[in-house]
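Reviewing the structure listed below.
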2 protein chains.
Amino acid sequence: MAAMKKERKGDAYSASCPARLVLDQIGDKWTVLILGVLVKQPTRFNELKRRLQGVSQKMLGQTLKKLERNGLVTRRAFATVPVTVEYAITPLGQTLAVSVEALRRWAEDNIREVTRAQASFDARPVASLQVNASSSDAGRGQ
Amino acid sequence: MAAMKKERKGDAYSASCPARLVLDQIGDKWTVLILGVLVKQPTRFNELKRRLQGVSQKMLGQTLKKLERNGLVTRRAFATVPVTVEYAITPLGQTLAVSVEALRRWAEDNIREVTRAQASFDARPVASLQVNASSSDAGRGQ
DNA sequence: CAGAATCCCAGCCGATACTG
DNA sequence: CAGTATCGGCTGGGATTCTG
């Protein structure tokens, strides 16, 4: 019981690092957006679906369940005529949302510079790549 | 494999939000770990591979190239006998690393609470679901 | 040593259909 | 309204092989 899990060599880094936990949670396509809505106010399922244009029921439900399981959002069901369910962010979820917000700010502050770097990268000659190619091919780098 | 730029109406939310940019960059399996190594000191390819136990050459090279393209790391090649290549984090990359570090701290600070939430979630009765009856479950009301 | 190219599987995610 | 279940495409990513 007191024994700690010794990690396998292959997955060691990932599994042992708590950072994995966060990235597995927010790394997907919708979590951050959902959090972004819920941090403002509690929201019902379909309302959420409406706000996150493009999300499927499956992914919305799946992501919400994951968030709920991790204690980041709560689910409250009301026994109204057509069932009503409201999702709300938890205090724990709010603290996460803050860190995520920092990331979003970073993106907004630096998107210009990143875009510039990309353009610069894409524009360069790709030196030291096949010089005597079989066919005359300028091979545009990815 | 080829990177195609294609606008789709379904991805509008994602594409328009700069937050997507960050998550697309750090949401993968290795970026954060690579950044974690490079933020301490410049590192060669195989040294990097050694530190990130479990990464494949493909993913390491791919991820490094993406980081380089986004201006987060630099690549310097030395014309030594067996070629030597050193990767280093850029100032821009360092600012990102700071935000990522915040996320990592969040994870470390809250992993206990998340784990507890998960256990609590997994232990609850799940009303109106068929019982598989493999072993008696003490339904803890929540 | 550094990296590109290929094969292939697991999982994410969307579209659709069904339930309560 | 609020989900769940299933099928299928796409892609992330690991193992392997080849080059300079």
Side-chain angles (χ1 to χ4, degrees), chain A residues 8-11 13-14 20 23-31 33-34 42-50 52-68 73 75-87 126-134 137 139-142, chain B residues 1-4 6 8-14 23-31 33-34 42-50 52-68 73 75-87 126-130:
Chain A
R8 309 260 174 281
K9 301 159 67 163
D11 302 319
Y13 214 130
S14 311
R20 248 312 107 200
L23 292 170
D24 284 345
Q25 171 66 79
I26 71 169
D28 63 46
K29 202 170 174 186
W30 301 109
T31 293
L33 301 175
I34 292 176
T43 314
R44 285 180 302 115
F45 189 89
N46 275 355
E47 173 68 20
L48 222 32
K49 186 168 182 307
R50 221 167 296 124
L52 278 61
Q53 289 247 133
V55 71
S56 61
Q57 298 95 317
K58 180 188 163 187
M59 287 318 297
L60 182 54
Q62 193 172 295
T63 307
L64 282 170
K65 182 166 287 190
K66 194 162 150 194
L67 283 165
E68 191 194 358
V73 313
R75 196 195 97 117
R76 289 204 314 163
F78 302 91
T80 51
V81 185
V83 186
T84 301
V85 178
E86 192 175 87
Y87 289 90
V126 197
S128 78
L129 208 53
Q130 79 250 66
V131 246
N132 59 353
S134 31
D137 179 19
R140 283 201 71 235
Q142 157 193 340
Chain B
M1 214 180 293
M4 295 186 60
K6 199 167 167 187
R8 311 188 59 176
K9 37 187 209 176
D11 300 325
Y13 208 127
S14 311
L23 292 170
D24 283 346
Q25 173 64 83
I26 72 170
D28 62 46
K29 202 171 174 183
W30 301 107
T31 294
L33 301 174
I34 292 175
T43 314
R44 286 181 302 114
F45 189 88
N46 274 355
E47 174 67 19
L48 222 32
K49 185 169 183 306
R50 220 168 296 122
L52 279 61
Q53 291 247 129
V55 72
S56 61
Q57 297 96 318
K58 179 189 164 185
M59 287 319 297
L60 182 54
Q62 194 172 294
T63 307
L64 282 169
K65 181 165 287 187
K66 194 162 148 194
L67 282 165
E68 190 193 359
V73 312
R75 197 195 95 119
R76 291 204 312 164
F78 303 92
T80 51
V81 185
V83 185
T84 301
V85 178
E86 192 174 86
Y87 289 90
V126 192
S128 77
L129 202 61
Q130 88 287 24

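So that the names make sense, note that chain A is the first sequence line, chain B the second, and so on, each numbered from 1. For the numbers below, each heavy atom of this structure counts, side chains included, while hydrogens, waters and symmetry mates do not.
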Figure out the [atom1]/[atom2] separation between [X] and [N], and round it to whole Å.
| X | N | atom1 | atom2 | answer |
| --- | --- | --- | --- | --- |
| L60(A) | dG14(C) | CG | C1' | 13 Å |
| L64(A) | dG3(D) | CG | P | 8 Å |
| E47(A) | dA2(D) | CD | P | 10 Å |
| E68(A) | dA2(D) | CD | P | 15 Å |
| R50(A) | dG3(D) | CZ | P | 14 Å |

Among [options], which is the nearest nucleotide to the side chain of [X]?
| X | options | result |
| --- | --- | --- |
| K65(A) | dT4(D), dG20(C), dA2(C) | dT4(D) |
| N46(B) | dG3(D), dC1(D), dC1(C) | dC1(C) |
| Y87(A) | dG3(D), dA2(D), dC1(C) | dG3(D) |
| R75(A) | dC1(C), dC1(D), dA2(D) | dA2(D) |

Verify side-chain contact (heavy atoms from CB on, under 4.5 Å) between L64(A) and F45(A), making sure each step is shown before the conclusion.
-> CA-CA 9 Å; L64(A) 282 170; F45(A) 189 89; 3.9 Å; yes

Hey, what are the protein-to-nucleotides 10-13 of chain C N/O distances that come in under 3.5 Å?
unit_1  : atom_1 : unit_2 : atom_2 : d
dC13(C) : OP1    : K29(A) : N      : 3.3
dC13(C) : N4     : K58(A) : NZ     : 2.9

Can you tell me if the side-chain N/O atoms of R44(A) get under 4.0 Å from OP1 or OP2 in dA2(D)?
->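 Yes.
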
Within-4.5 Å side-chain heavy-atom neighbours: [X] and [Y]:
| X | Y | result |
| --- | --- | --- |
| D28(B) | K66(B) | yes |
| M59(A) | Q62(A) | yes |
| T84(B) | R76(B) | no |

Do R50(A) and E47(A) meet the salt-bridge criterion of a basic N to acidic O distance under 4.0 Å?
-> yes

So what does K49(B) hit on the nucleic acid, given a heavy-atom distance under 4.0 Å: a base, only sugar-phosphate, or nothing?
->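 K49(B): no heavy atom of the nucleic acid under 4.0 Å.
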
